[in-house]
Amino acid sequence: MLSHINTLLSDLDNNGLPSVINKLNLSSYQQTRNYLDGAVTKLSPLITHGVITIPEIIQNLDSHSAKERAGFIFQLGWREYFLKIWQNYNLLEELRTSNKDLFPGVPVPILEQGTGIDLIDGEIRKLVTNGYIHNHSRLWIASLATHIYQSSWQDSAKWMYYHLLDGCPASNFLSWQWVNGSFSSKAYLFNQENINKYSKTNQTGTVIDCDYSRIAKLNLNVPRKQFINADLVAECQISLKKLSSISKEQLLQAPELLIYSIFTLDSKWQSDSTGLKVLWLNSDFFNEFPISSTRVTLITKLISRIPNLNVYYGDLSEEELVKQKIYLKDHPIFKDWKLKKDPNNYILQQIYPNKDQSYFWYWKRIAMHLGIHFGT
C-alpha cells in the first residue's frame with residue numbers, strides 16, 4: 001500500500017489533483033465498490049491525513065456523470081459525518097446502548113489469523129503486512145469479533161486502527177460501533193455466502209456457513225488477549241520521538257505558530273505564512289491510539305511535502321501559548337482547544353449532527369447543498 005500511496009503522491013505533486021481524480025473509475029464504482037476487486041479509489045490515506053479534502057475532490061468531478069458523482073459523494077459524506085460526530089462525542093463510549101455483554105481483549109483467532117475462514121485470515125494478513133484492506137473486509141472482521149466472538153469492539157477496533165495506514169479515528173471507531181449496533185438501528189451480520197459473493201470465492205463448511213438466523217445465535221467461546229500494551233505503546237513513542245526536530249522551548253519562543261496534526265497535513269494551508277510551522281505529535285493521543293511503524297513511515301513521507309515543517313512530540317496546552325499568534329486548522333483532534341481555528345474543509349461547514357441523527361439525515365442536507373437529486 002505504501003508504494004500505491006507514493007504513486008498517488010507523485011501524480012498529485014507532478015500533475016495536480018485533477019489528474020488523480022480523472023483516473024478514477026467512477027463508472028464502475030457504484031456497482032462494484034462492495035466487491036473486494038471492485039473499483040474502489042484508495043484515496044483514503046490522503047483524505048485521512050488531510051493531504052486532499054473532500055470539497056477539493058468534489059470540485060474536480062466534472063468529467064464524471066451526475067449519477068457517478070452522486071454515488072461517490074454519498075460515500076465520501078460518511079467520512080465527514082463521522083468526523084462531526086467525533087467533534088461532540090467520545091469515540092470509545094457507546095453512543096447508543098447495544099444491550100450486549102462483550103468480553104475484553106481481541107480474539108486470538110483474529111490476532112493469529114486462525115479463524116478458519118480463509119478469506120478473513122488472508123485479509124487480516126494483508127492488514128498486518130500492508131496496512132490496508134477493503135472496507136467490506138473491515139466490516140466482516142468487526143462483525144466476527146463482536147457478534148460471533150463476543151469481544152470488546154473498543155479493544156478490537158484499536159487493534160485494527162493500529163495497523164491501518166488510512167486509520168481515521170472517527171471512521172474506524174464509529175464503523176465498529178455501527179457494526180456492533182451501538183451506532184446503528186441494528187447490528188451488522190454476515191455469513192459465508194456473503195463473503196463468497198463479494199470476494200468471488202467458494203469456501204464452504206466454515207462456522208459461518210449457515211443462514212442469518214443461526215449467525216445471530218452464534219456465540220463462540222475463544223481465547224482473547226490485549227493487543228495494546230505498554231511495550232507496544234513505548235515502541236510507538238520511540239518511533240515518533242525520532243521525528244522530533246524542535247524542542248518545546250523553541251516552540252514556545254516563536255511569535256507566530258502554525259500547528260499541524262497528522263490529520264491536517266495540507267501543504268497548501270497557510271503556505272504564504274512566515275510563522276513557525278510545527279507538526280504536533282500529541283503524546284497523550286498516541287498513548288491512547290498508538291500506530292504502527294509503517295504508519296510512521298507514511299507520516300514521515302507526508303511531512304517531507306510541507307516545506308520547513310518542524311516536528312514536536314510531547315505535551316502541549318493552549319494555556320502555554322498565550323504570547324503567540326496561533327494558527328490551527330479545525331479538526332476534532334483539536335476539539336478541546338477554544339481558540340479560533342481556520343475552518344476545516346467540510347462540504348457543510350455549519351451543520352453538526354448529534355448521535356441520534358442518522359447519516360441519511362446528514363446526506364439529505366449534503367444533497368440539497370450540492371444540488372444533487374435523490375433519483376440521480
Side-chain angles (χ1 to χ4, degrees), residues 9 12-13 16-17 43-60 76-77 79-89 91 166 168-171 243 245-246 248 250-282 284-286 299 302-353 362 365-366 369-370:
L9 288 171
L12 181 65
D13 292 338
L17 185 57
L43 293 178
S44 54
L46 303 189
I47 300 173
T48 290
H49 294 95
V51 176
I52 58 177
T53 68
I54 292 173
E56 286 175 333
I57 294 171
I58 293 173
Q59 290 165 11
N60 287 279
L76 290 174
R79 179 176 292 269
E80 177 168 309
Y81 171 73
F82 283 152
L83 279 173
K84 289 189 171 182
I85 294 294
W86 180 16
Q87 186 73 37
N88 294 309
Y89 299 96
L91 297 175
D166 64 353
C168 166
S171 293
L243 301 182
S245 59
I246 193 171
K248 188 173 186 178
Q250 291 172 300
L251 185 154
L252 295 177
Q253 290 171 5
E256 186 173 307
L257 196 61
L258 282 69
I259 303 178
Y260 295 72
S261 77
I262 65 166
F263 305 115
T264 56
L265 292 172
D266 181 358
S267 61
K268 303 177 297 300
W269 177 62
Q270 295 283 355
S271 58
D272 296 330
S273 174
T274 58
L276 182 68
K277 298 179 181 179
V278 178
L279 166 59
W280 175 33
L281 301 176
N282 184 344
D284 289 340
F285 177 82
F286 290 102
I299 291 168
L302 299 180
I303 290 170
S304 69
R305 299 179 67 255
I306 303 177
N308 304 314
L309 180 62
N310 301 277
V311 180
Y312 166 66
Y313 178 85
D315 63 280
L316 186 65
S317 70
E318 191 173 357
E319 291 72 25
E320 293 175 290
L321 301 171
V322 293
K323 297 181 180 180
Q324 291 133 308
K325 187 173 184 179
I326 307 299
Y327 293 94
L328 196 67
K329 191 171 185 179
D330 192 24
H331 187 277
I333 198 172
F334 296 126
K335 65 181 181 178
D336 294 330
W337 286 49
K338 306 304 180 187
L339 57 79
K340 184 178 179 181
K341 307 176 184 77
D342 285 359
N344 202 331
N345 298 90
Y346 290 131
I347 304 169
L348 301 177
Q349 290 291 348
Q350 304 300 326
I351 299 175
Y352 280 79
Y362 193 70
R365 284 147 183 82
I366 289 177
H369 176 73
L370 296 177

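One is the number of the first residue; the rest follow in order along the sequence.
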Steps toward side-chain contact (heavy atoms from CB on, under 4.5 Å) verdict (I299, H49): CA-CA 8 Å; I299 291 168; H49 294 95; 4.3 Å; yes
Run H331 and W337 through ring-ring contact (aromatic ring centres under 6.0 Å, His included) and show every step you take. CA-CA 10 Å; H331 187 277; W337 286 49; over 10 Å; no
Would F82 and C168 satisfy side-chain contact (heavy atoms from CB on, under 4.5 Å), going step by step from the backbone distance to the final call? CA-CA 9 Å; F82 283 152; C168 166; over 6 Å; no
Evaluate the ring-ring contact (aromatic ring centres under 6.0 Å, His included) criterion for residues W269 and Y327: first the C-alpha distance (whole Å), next the side-chain angles of each, then the deciding distance (0.1 Å), finally the verdict. CA-CA 10 Å; W269 177 62; Y327 293 94; 7.3 Å; no
Would L9 and L46 count as a side-chain contact (heavy atoms from CB on, under 4.5 Å) if you check the C-alpha gap in whole Å, the side-chain angles of each, and the deciding distance to 0.1 Å? CA-CA 8 Å; L9 288 171; L46 303 189; 3.7 Å; yes
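Judged by distance alone, the side chain of K329 and the main-chain N or O of G50 form no donor-acceptor pair under 3.5 Å. Under the 3.5 Å distance criterion, the side-chain polar atoms of D166 are left unmatched by any main-chain donor or acceptor of S44. At distances below 3.5 Å, at least one donor-acceptor pair connects side-chain atoms of S245 with backbone N or O atoms of V311. Of the possible polar contacts, one joining the W280 side chain to the G314 backbone as a donor-acceptor pair under 3.5 Å is found. Not a single donor-acceptor pair under 3.5 Å links the side chain of E256 to the backbone N or O of Q324. Remark: the backbone N or O of Q250 is not paired with any side-chain donor or acceptor of Q253 at under 3.5 angstrom. Under a 3.5 Å cut-off, the side chain of H369 and the backbone N or O of R365 do not form any donor-acceptor pair.
Going from atom CZ of F263 over to atom CG of L83 covers 9.0 Å, rounded to the nearest 0.5 Å. For the atom pair Y81 OH and S171 OG, the distance stands at 12.0 Å (nearest 0.5 Å). Between the CD1 atom of I52 and the CG atom of D266 there is a distance of 10.5 Å, given to the nearest 0.5 Å. For the atom pair I306 CD1 and K268 NZ, the distance stands at 9.5 Å (nearest 0.5 Å). Here the straight-line distance linking atom CG of L257 with atom CD1 of I259 works out to 4.5 Å at 0.5 Å rounding. Within the model, atoms CD1 of I303 and CG of L309 stand 6.0 Å from one another, a figure rounded to the nearest 0.5 Å.
The shortest distance between side-chain heavy atoms of L321 and L316 falls below 4.5 Å. Here the side chains of L265 and L279 are in contact, with some heavy-atom distance below 4.5 Å. Taking the side chain as every heavy atom from C-beta outward, V51 and L302 approach each other to under 4.5 Å. Using a 4.5 Å heavy-atom cutoff, the side chains of I57 and I47 are in contact. Taking the side chain as every heavy atom from C-beta outward, L276 and L258 never approach each other to under 4.5 Å. Side chains of K335 and N88 form no contact here, defined as non-hydrogen atoms less than 4.5 Å apart.
Other residues, nucleotides and ligands contribute more than 12 heavy atoms inside 6.0 Å of the CG atom of D13.
The minimum heavy-atom distance between L76 and I54, with the atom names listed, is O-CD1, 3.5 Å. Counting all heavy atoms, side chain and backbone alike, I366 lies closest to G77 at CD1-CA, 4.0 Å. What you find for Y312 and V278 is that their closest heavy atoms are CB-CG1, 3.8 Å. Between D330 and P343, the shortest heavy-atom contact is CB-C, 4.3 Å. Closest approach of I351 to P353, counting heavy atoms only: O-CD, 3.9 Å. Listed here is the closest heavy atom pair of E318 and D336: OE1-O, 4.0 Å.
With a 6.0 Å cutoff to the six-membered ring centre and a 45° limit on the axis angle, K84 counts as a cation-pi contact of Y346.
Residues Y362 and E80 bring a donor and an acceptor atom of their side chains to less than 3.5 Å of each other. Side chains of R79 and T48: a donor on one and an acceptor on the other come within 3.5 Å. Remark: the Q270 side chain and the D342 side chain contain an N/O donor-acceptor pair separated by less than 3.5 Å.
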